[in-house]
2 protein chains.
Amino acid sequence: MKVSAKGEYGVRAMAILALEFHEGPLPLRVIAERENISLQFLEQIFLPLRRAGLIESVRGAKGGYLLAKSPDQIRVGDILRVLEGPIAPVECVGKGSGKVCDRSDACLTRGIWERLRDSMSEVLNDITLADVINMSAD
Amino acid sequence: MKVSAKGEYGVRAMAILALEFHEGPLPLRVIAERENISLQFLEQIFLPLRRAGLIESVRGAKGGYLLAKSPDQIRVGDILRVLEGPIAPVECVGKGSGKVCDRSDACLTRGIWERLRDSMSEVLNDITLADVINMSAD
DNA sequence: TTAATCCTGATCATTTTACTCGGCTTTATC
DNA sequence: GATAAAGCCGAGTAAAATGATCAGGATTAA
């Protein structure tokens, strides 16, 4: 029941972009050094984030990445959904995953996973990047 | 952010033991057939559950397994903790895992994972096997 | 022109997962 | 006492996921 490194690094990196929201584009190299993450792995993570419209890129020298929206408009859940797929403890209660098991009415445990999913979603949809950088500012 | 098959099967199997709480010991073969799970995989799952004191076994012919406590005394979280380790979205906030990262105060994202962990624990500690079999009885 | 940076598909080693195998021990029943 | 049903348990294994790395191209500021 763990977040993948991809998801964890993604959230960390996005938090840094949020800190630097008013500066120009931030190159991945800086984030990679600061967080001790492989540059090439970070590139892999930023690709889907950009395609999902959470960040924007500036190519060429002096280029880098910046948030596509203000920090209070980006929820941690948004980031994780892009990097890890639907937030759900089991496939069969994943919204938008399409895969529902055939015996959902006979399933004793479905209710558990639905409650867990809702609780997880609620937390992750409630925390924005603005919250993240404020939490640690205290 | 998924529960493993081990965890999922474990909860399903325990729910069935809860349904049969007043009958004698239930052999794994029955659960395996009912839930379409490999018998030998189930055996692997039941071993740690027994060692953790959640179930008791009766050996020999007419043997099987039964809950060690009444269904309302066994929480879904108890089962998952045995089968999957501490309930935590990242290692470094796992209670009892011992591994805390060295820069926990500098970590921007720790607060997220703590909130998520608490919310997950709360749900899973709140649902007992008695709840599970009642949910679907409605 | 050069260097910095993003862009992207491919590949790869390791770990984890979800099982399977084989064989032993215990016990009710015939 | 023989047999069959069941639990006990360490070891092995194939496939998938994970966490990267590689290689090279495209874009742009200086």
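In the text below, chain A, chain B and the rest are named by the order of the sequence lines, each starting its count at 1.
Between A:Y9 and D:dT18 there is no side-chain polar atom (N or O) within less than 4.0 angstrom of OP1 or OP2. For A:S38, a side-chain nitrogen or oxygen approaches OP1 or OP2 of D:dT21 to under 4.0 Å. Regarding contacts with the backbone of D:dC8, a side-chain N or O of B:S57 is found under 4.0 angstrom from either OP1 or OP2. Distances shorter than 4.0 Å separate some side-chain N or O of B:R51 from OP1 or OP2 on D:dC9. The phosphate of D:dG7 (OP1 or OP2) has no side-chain N or O of B:R50 nearer than 4.0 angstrom.
Residue-to-nucleotide proximity on DNA chain D shows that, of B:A61 and A:Q40, the 5′-proximal contact is made by B:A61. Between B:G60 and A:A5, the residue anchored nearer the 5' end of DNA chain D, judged by the nucleotide with its closest heavy atom, is B:G60. Mapping A:L26 and B:R59 onto DNA chain C by nearest heavy atom places A:L26 at the nucleotide closer to the 5' end.
Nucleotide D:dT28 holds its P atom 14 Å from the CD atom of A:E56, rounded to whole Å. Across the protein-nucleic acid pair, A:R12 atom CZ and D:dG19 atom P stand 12 Å apart, rounded to whole Å. Atom P of nucleotide D:dA26 and atom CG of A:L47 are separated by 16 Å, given to the nearest angstrom. If you take CG of B:L42 and C1' of C:dA18, they are 12 Å apart, rounded to a whole angstrom. Taking atom OH of B:Y65 as the reference point, atom P of C:dT26 lies 15 Å away to the nearest angstrom. Put simply, CD1 on A:I45 is 12 Å from C1' on D:dT18, counting in whole angstrom units. In this entry the distance linking CD of B:E43 with C1' of C:dC19 reads 12 Å, nearest Å. One can place CZ of B:F41 at 15 Å from C1' of D:dC9, the figure rounded to the nearest angstrom.
Among the protein residues, B:F46 comes within range of no part of the nucleic acid, since none of its heavy atoms lies under 4.0 Å from any strand.
Between the side chain of B:Q44 and the base of C:dT20, at least one donor-acceptor pair of N or O atoms lies under 3.5 Å.
In the hydrophobic clustering of this structure, B:M135 groups with B:I16; members are Ile, Leu, Val, Met, Phe, Trp, Tyr whose side-chain heavy atoms approach within less than 4.5 Å, directly or through other members.
The B:K62 side chain lies nearest to C:dT29 when the options are C:dC6, D:dC8, C:dT29. Distance from the side chain of B:R29 is smallest for D:dA6 among the nucleotides C:dC6, D:dT21, D:dA6.
Distance check: A:L26 CG to A:F21 CZ gives 13.0 Å after rounding to the nearest 0.5 Å.
Side-chain contact of A:Q73 with A:T128: a donor-acceptor pair under 3.5 Å is absent, judged by distance alone. For B:E122 and A:S119, the side-chain atoms include no donor-acceptor pair closer than 3.5 Å.
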Exercise. Assess whether side-chain hydrogen bond (donor to acceptor under 3.5 Å, both in side chains) is satisfied between B:E8 and A:T109, documenting all intermediate values.
Key: CA-CA 9 Å; B:E8 197 191 336; A:T109 55; 5.4 Å; no
